[in-house]
Amino acid sequence: MKKILVTGGAGFIGSNLCEQLVNAGSSVIALDNLFCADKKNIEHLLSNKKFSFVLHDINDPLPKMKVDEIYNLACPASPIWYQKDPVMTLRTNTLGVINVLEFAKKNKCRVLQASTSEVYGDPEEHPQRESYRGNVNTLGPRACYDEGKRSAETLMMDYHREYGVDVKIIRIFNTYGPKMAENDGRVVSNFIMQALKGRPITIYGTGEQTRSFQYIDDLILGMTKMMETENFLGPVNIGNPVEYTITQLAEEIAKITGSKIKIELKTLPVDDPQKRRPDITLAKEKLDWAPKVPLTEGLTKTIQYFKTNY
Ligand code: UDP
């Protein structure tokens with residue numbers, strides 16, 4: 001039985017990952033500082049002998065424990081949260097990542113870093129392949145996250161080259177599903193809550209900007225496949241290549257919830273990427289992975305979750 005550490009284990013992606021790893025028979029330790037995650041995401045796992053929770057911030061050296069693998073997901077990921085304390089965001093992706101890597105070096109365990117499509121910034125290449133080096137504004141309000149994740153990738157590669165640490169990097173594109181926080185400010189959670197409450201849907205900018213939305217279960221499968229693959233460090237894009245404008249997303253959510261759509265146009269945030277779509281050729285080839293859940297099906301499950309929980 002594998003012993004797996006998931007940093008950021010109480011967050012949206014982390015808690016879904018912990019649940020699936022426990023169900024698959026692994027022993028799992030979720031570590032989280034609960035800065036923006038909700039412990040209720042993992043409460044149902046606490047009675048399971050194969051699961052434990054540690055309240056800890058990766059900016060402090062990791063506590064002593066014996067594990068075989070680490071998924072490093074610790075970092076606020078939505079713009080409103082990672083911009084609340086940008087210095088902490090950058091620190092988490094540098095000092096925090098060093099602490100995780102020092103732990104991996106000492107304990108000789110494999111570490112998978114959750115990177116992001118944000119490393120491509122406002123991309124000038126479309127769709128984005130892993131070889132594209134990105135277009136990030138180092139001075140803008142998103143830089144603490146974008147440059148932070150770019151630094152995290154660099155640290156992974158340097159610890160691998162310098163100390164032989166067994167590292168892996170995935171670049172996660174926009175993901176949605178159950179356990180997303182209602183107050184996360186993300187487009188999917190905002191639109192669902194607005195549609196369910198009969199409030200106007202807040203579209204930032206023209207609504208012509210695009211994103212490619214992947215359902216959480218598809219991401220978890222891609223992630224675990226990457227962890228199990230030998231002789232491939234990545235980076236690899238894990239995302240759904242079907243692209244929607246933000247207006248199309250609003251229309252889809254209105255259709256599923258049966259609400260009449262009222263739109264409220266708001267200012268586009270600074271440096272908001274105009275388009276985003278992953279090229280997943282590499283994931284198909286190396287991991288035999290492609291997303292399976294279409295948007296309507298994933299949104300229907302997510303809307304059901306929000307109806308039940310909020
Ligand atoms: N967005 C929007 N209305 C909202 C929240 C977000 O129109 O209530 C837009 C946002 O400007 C961006 C897209 O939706 O263009 C995706 O935003 P999100 O914060 O979910 O993800 P990210 O920008 O990090 O991809």
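Note that the numbering runs from 1 along the sequence shown for the chain. Just so you know, ligand 1 is whichever comes first in the structure, and atom 1 is the first atom listed for that ligand. Given the structure is predicted, the values throughout are model-derived calculations rather than measurements.
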For the residue pair Ser189 and Asp184, confirm or rule out a side-chain donor-acceptor distance under 3.5 Å. no
Scan for salt bridge (charged side-chain N to carboxylate O under 4.0 Å, His left out) pairs involving residues 258-279, sequence neighbours excluded, and state none if there are none. Glu118-Arg276, Arg142-Asp272, Arg211-Asp272, Glu243-Arg277
Any idea which heavy atoms bring Phe103 and Pro63 closest together, and the distance? CE1-O, 3.5 Å
Does the side chain of Asp217 pick up a donor-acceptor pair with the side chain of Gln20 at under 3.5 Å? yes
Show me, by chain and number, every protein residue that has a heavy-atom distance under 4.0 Å to ligand 1. Pro79, Glu118, Arg142, Asn174, Gly185, Arg186, Val187, Asn190, Phe191, Thr202, Ile203, Tyr204, Gln209, Arg211, Ile246, Pro269, Asp272, Arg276
Test: salt bridge (charged side-chain N to carboxylate O under 4.0 Å, His left out). Region: residues 11-29. Which pairs qualify, not counting sequence neighbours? Glu19-Lys179
Contacts of Lys49 meeting side chain to side chain contact (heavy atoms under 4.5 Å, CB included) (sequence neighbours excluded), chain-then-number -> none
